[in-house]
Amino acid sequence: MEHDSHAPWEFNGSFYQPSAFLMMGIPGLEALHPWISIPFCALYLAALLGNCAILFIIRRTPSLHEPMYYFLSMLAVTDLGLALCTLPTTLGLFWFDVRSIGFDACLAQMYFIHILSFIESSVLLAMAFDRFIAISHPLRHPAILTKSTVLKIGLAIVLRGMVSLLPIPFLLKRLTYCGKTELSHSFCFHPDIMNLACADIKVNVFYGMIILLSTVGMDLIFIVLSYILIIRTVVSLTTREECLKALNTCVSHICAVLVFFIPMIALSMIHRFGKNVPPLVNTLVAYTYLIIPPALNPVIYSIKSTHIREALLRALCRKRGSDW
């Protein structure tokens, strides 16, 4: 029987792992990568400076030492982590055409990207719970969400992400890979790596789906339930002004939830069911999911939160006064 010389790879049954994967930029626009890097640089800079500013303001302003702003600090740290996870490989590819990433380095990047995504989902749920308690039980809010309770919630969020995703790198390392080593993005993503294997990936698919539904899926359900209860409470308020004031405290959080969950769900659907989706769409959704939320969240909270905005203006005025 003649060997097909046009086959993209050959698998002879032996165990094989590539030493490195090849990352992909924006398909069809490779010649424009240096120019495309400019908006990416702006987004990364906004994410780094914006989230650092949020952390600095909350730390330096005693009036912001409340559960809502503690959770906002957790969100800012998570967003910083997400930006820093993808920044080296994305800008390295756009600026210097560095496409190669080692197998173990790829698994490490993938692990931290997914952990931070799960943590962000859980922090958004904790923030929804905080808004529900603040609106439904304002007098009991300080007693329910004490500093120690907020700290315990934060530790539980981190542990849940770390433990639930710990098997993923080991499940990928047990697979046999074939000649194809090109990823779909400029970072490592679990479904992307998994689909390069020429072994049975049913366990990976099943475990990934169960973990996604039991963590991020449940978080989204409880966030929706929290807002249903918030709306019920707001409707029962006596005056229209009280209703609007209560809802206004939730606007920033609702925006953050939409900015995070919509592209995340879209990317998950594309990787699992969108085999015929154009690569450009897949790439743009992936970048929207990982880069836009860290860049936009500080802007959203700075615009909508009066306390954050006032603290930021005071900090700028002090800086200007010291310069004079």
Visitor: Under a 3.5 Å distance rule, please check whether H185 uses its side chain to pair with a backbone N or O of M24 as donor and acceptor.
Guide: no
Visitor: Answer whether the closest heavy-atom distance between the side chains of R140 and I133 falls below 4.5 Å.
Guide: no
Visitor: Which heavy atom of I101 sits nearest a heavy atom of T89, and at what distance?
Guide: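 That closest heavy-atom pairing would be CD1-CG2, 4.1 Å.
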Visitor: A side-chain contact here means heavy atoms from C-beta on lying under 4.5 Å apart; do L124 and D219 qualify?
Guide: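 Side chain of L124 against side chain of D219, heavy atoms only: no contact under 4.5 Å found.
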Visitor: Verify ring-ring contact (aromatic ring centres under 6.0 Å, His included) between F40 and H33, making sure each step is shown before the conclusion.
Guide: CA-CA 10 Å; F40 277 84; H33 277 173; 9.0 Å; no
Visitor: Return yes when atom OH of Y207 has more than 12 non-hydrogen atoms of other residues, nucleotides or ligands closer than 6.0 Å, and no otherwise.
Guide: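 For Y207, atom OH is crowded (more than 12 foreign heavy atoms under 6.0 Å).
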Visitor: Output the distance between atom CZ (R232) and atom CD1 (I135), rounded to the nearest 0.5 Å.
Guide: 14.0 Å
Visitor: How about CE on M162, more than 12 heavy atoms from neighbouring residues, nucleotides or ligands closer than 6.0 Å, or not?
Guide: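 Counting other residues, nucleotides and ligands, CE of M162 stays at 12 neighbours or fewer.
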Visitor: Looking only at heavy atoms, what is the nearest atom pair of Q17 and L172, with distance?
Guide: NE2-O, 4.5 Å
Visitor: Within this structure, what is the CD1-NE2 distance for the pair I113 and H190, rounded to the nearest 0.5 Å?
Guide: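 The CD1 atom of I113 sits 13.0 Å away from the NE2 atom of H190.
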Visitor: Might you work through the side-chain contact (heavy atoms from CB on, under 4.5 Å) test for L87 and L48, ending with a clear yes or no?
Guide: CA-CA 10 Å; L87 184 151; L48 297 176; 4.1 Å; yes
Visitor: Say you draw a straight line from CZ of R131 to CD1 of I223; how long is it, rounded to the nearest 0.5 Å?
Guide: 14.0 Å
Visitor: Could you pull out the closest heavy-atom pair between D200 and R174, with the gap in Å?
Guide: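 In terms of heavy atoms, the two residues are closest at O-NH2, 4.0 Å.
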Visitor: In Å and rounded to the nearest 0.5 Å, what is the CG to CZ distance from L175 to F170?
Guide: 13.5 Å
Visitor: When you group the ILVMFWY residues by side-chain heavy-atom contacts below 4.5 Å and let the links chain together, are L258 and L220 in the same group?
Guide: yes
Visitor: Any side-chain to backbone donor/acceptor pair from D130 onto A126? Under 3.5 Å, distance only.
Guide: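 Answer holds: no.
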Visitor: Angle class for the F118/H114 ring planes (parallel below 30°, perpendicular above 60°, tilted otherwise)?
Guide: perpendicular
Visitor: Is there a donor-acceptor pair closer than 3.5 Å between any side-chain N or O of Y44 and the backbone N or O of A295?
Guide: no
Visitor: Is V205 reachable from L171 through a run of I, L, V, M, F, W or Y residues, each pair having side-chain heavy atoms under 4.5 Å apart?
Guide: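 Per the 4.5 Å side-chain linkage, L171 and V205 are co-clustered.
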Visitor: Checking side-chain contact (heavy atoms from CB on, under 4.5 Å) for the pair M110/F187: CA distance, chi angles, key distance, verdict?
Guide: CA-CA 8 Å; M110 174 217 69; F187 53 84; over 6 Å; no
Visitor: Measure up the F103 and F21 rings against each other and bin them: parallel (under 30°), tilted (30 to 60°), perpendicular (over 60°).
Guide: tilted
Visitor: Closest heavy-atom contact between P142 and T146?
Guide: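 Looking at all heavy atoms of both residues, the closest pair is O-CG2, 3.5 Å.
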Visitor: List the atom of P169, the atom of L107, and the distance in Å for their closest heavy-atom pair.
Guide: O-CD1, 3.9 Å
Visitor: If a pair satisfies disulfide bond (SG atoms under 2.5 Å apart) and one of its residues is in residues 81-151, list it, with sequence neighbours excluded.
Guide: C106-C188
Visitor: Linking I/L/V/M/F/W/Y whenever their side-chain heavy atoms sit closer than 4.5 Å, directly or via other members, would V216 and M209 fall into one cluster?
Guide: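 Cluster IDs for V216 and M209 differ.
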Visitor: Is there side-chain contact between K304 and N248, with at least one heavy-atom pair below 4.5 Å?
Guide: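 Heavy-atom side-chain distance check passes, below 4.5 Å.
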Visitor: Please check if V123 and I265 belong to a single hydrophobic cluster, counting links between Ile, Leu, Val, Met, Phe, Trp and Tyr side chain heavy atoms closer than 4.5 Å.
Guide: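 In one cluster with V123: I265, yes.
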Visitor: Among T78, N51, D79, find the one that has a side chain to side chain donor-acceptor pair (under 3.5 Å) with N297.
Guide: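 Answer after filtering T78, N51, D79: D79.
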Visitor: Heavy-atom distance under 4.5 Å between the side chains of E120 and P294, does that happen here?
Guide: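 No, too far: nothing below the 4.5 Å cut-off.
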Visitor: If the plane angle is over 60° it's perpendicular, under 30° parallel, otherwise tilted; pick one for Y289 and F260.
Guide: tilted
Visitor: Any side-chain heavy atom of L225 sitting closer than 4.5 Å to one from L229?
Guide: no
Visitor: Is atom CZ of R59 surrounded by more than 12 heavy atoms (other residues, nucleotides or ligands) closer than 6.0 Å?
Guide: no
Visitor: Considering all heavy atoms of both residues, which atom of S184 and which atom of T283 are nearest to each other, and what is their separation?
Guide: O-OG1, 3.7 Å
Visitor: Would you kindly say whether T86 and Y287 are connected by a side-chain donor-acceptor distance under 3.5 Å?
Guide: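 No pair is found: no donor N or O on one side chain lies under 3.5 Å from an acceptor on the other.
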Visitor: Is there side-chain contact between P293 and L82, with at least one heavy-atom pair below 4.5 Å?
Guide: no
Visitor: Okay, side chain of E66, backbone of L64: is any donor-acceptor separation there less than 3.5 Å?
Guide: no
Visitor: Carefully, step by step, assess T215 and S122 under the rule side-chain contact (heavy atoms from CB on, under 4.5 Å).
Guide: CA-CA 8 Å; T215 53; S122 301; over 6 Å; no
Visitor: Are the side chains of D192 and L196 in touch, meaning some heavy atoms are under 4.5 Å apart?
Guide: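 Not touching, per the 4.5 Å side-chain cut-off.
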Visitor: Could you tell me the separation between the CZ atom of F15 and the OG1 atom of T176, rounded to the nearest 0.5 Å?
Guide: 5.0 Å
Visitor: To the nearest 0.5 Å, what is the distance between CD1 (I58) and OG (S63)?
Guide: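 It comes to 10.5 Å.
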Visitor: Ignoring hydrogens and geometry, is there a side-chain-to-backbone donor-acceptor pair from S37 to P34 under 3.5 Å?
Guide: yes
Visitor: Can you say whether the rings of F129 and F132 are parallel (under 30°), tilted (30 to 60°) or perpendicular (over 60°)?
Guide: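 Plane angle between 30° and 60°, so tilted.
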Visitor: Are the side chains of Y69 and I54 in touch, meaning some heavy atoms are under 4.5 Å apart?
Guide: no
Visitor: When you look at K147 and L151, which way does the side-chain contact (heavy atoms from CB on, under 4.5 Å) test go after all the steps?
Guide: CA-CA 6 Å; K147 284 186 179 180; L151 181 60; over 6 Å; no
Visitor: Is there a continuous path of hydrophobic side-chain contacts, each under 4.5 Å between heavy atoms, that joins L212 to V163?
Guide: no
